[in-house]
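Remarks on the structure that follows.
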Amino acid sequence: LYWGEEYGWRWFLQSRLERKWGLLTGAVLTGALWALWHIPAQLPVDTSMQDVLWFAAIKLAVCVPLGMFLAFACHRTGNIFVVALLHFLHNYLAGFLKPPMIAGLSVGWEALLVNQKKKLFARAQRQA
């Protein structure tokens, strides 16, 4: 799974973007597209458009730096299998830090942050 994802994102797309716009811009664009690609699979179903935008911003803040690290690893090693292993390790280790299940659904940290933002906003409105 990780090999296929990294083969598509780093080897195929990133290499083409880097040839066109340079190493840094290519890595940032790949990371941004990678973040947006993950959103539909990880977003809770009953989410407002405002929360979708907040979730997207958080996902971009996570995926762009991670994508840049994976781009560096790809260039440094020249081996997509090493990058796939790093991707696997990231996801595996992040699994130990998962938030608790909410309403029977396992959600990522980004979704948990969106829910916390909702609660803080509602509390602030009640106090005003």
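Note that the coordinates shown come from a computational prediction; the quantities given were computed from them, not determined experimentally. Only heavy atoms go into these numbers, but all of them, side chains included; no hydrogens, no water, no symmetry mates. In this chain, numbering begins with 1 at the start of the sequence shown.
Cluster annotation: Phe81 and Phe12 are assigned to the same hydrophobic cluster (Ile/Leu/Val/Met/Phe/Trp/Tyr, side-chain heavy-atom contacts under 4.5 Å, transitive). In this structure, Leu36 is not a member of the same hydrophobic cluster as Val64, with clusters built from ILVMFWY side-chain heavy atoms closer than 4.5 Å. At a threshold of 4.5 Å between side-chain heavy atoms, the hydrophobic network of Ile, Leu, Val, Met, Phe, Trp and Tyr places Leu17 and Ile80 in one connected group. The hydrophobic clustering, which links ILVMFWY residues whose side-chain heavy atoms are closer than 4.5 Å, places Leu24 and Leu66 apart. Linking Ile, Leu, Val, Met, Phe, Trp and Tyr whenever their side-chain heavy atoms come within less than 4.5 Å puts Tyr7 and Val83 in one cluster.
Atoms SG and CE, from Cys74 and Met68 in turn, are 14.0 Å apart once rounded to the nearest 0.5 Å. Distance check: Ser15 OG to Lys20 NZ gives 13.5 Å after rounding to the nearest 0.5 Å. How far SG of Cys63 is from CD1 of Ile58: 12.0 Å, rounded to the nearest 0.5 Å. Put simply, CG on Leu70 and CD on Glu6 are 5.0 Å apart, with the number rounded to the nearest 0.5 Å. Atom CD of Glu18 and atom CG of Leu29 lie 10.0 Å apart (nearest 0.5 Å).
Here the side chain of Thr25 pairs no donor or acceptor atom with the backbone of Gly22 at under 3.5 angstrom.
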Gln14 and Arg19: CA distance, side-chain angles, deciding distance, side chain to side chain contact (heavy atoms under 4.5 Å, CB included) verdict
CA-CA 9 Å; Gln14 182 177 303; Arg19 275 190 294 241; over 6 Å; no
Test side chain to side chain contact (heavy atoms under 4.5 Å, CB included) applied to Glu5 and Arg10, step by step:
CA-CA 8 Å; Glu5 192 173 342; Arg10 303 301 152 226; over 6 Å; no
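The environment of CH2 in Trp37 is crowded: more than 12 heavy-atom neighbours from other residues, nucleotides or ligands sit within 6.0 Å.
By the 30° and 60° cut-offs, the orientation of the rings of Trp34 relative to His38 is perpendicular.
Heavy atoms only, all atoms of each residue included: Ala71 and Ala27 are closest at CB-CB, 3.8 Å. Summarising the geometry of Pro65 relative to Leu60, their closest heavy-atom pair is CD-O, 3.8 Å, with the distance given to 0.1 Å.
For His87 and Trp9, the gap between ring centers reaches or exceeds 6.0 Å.
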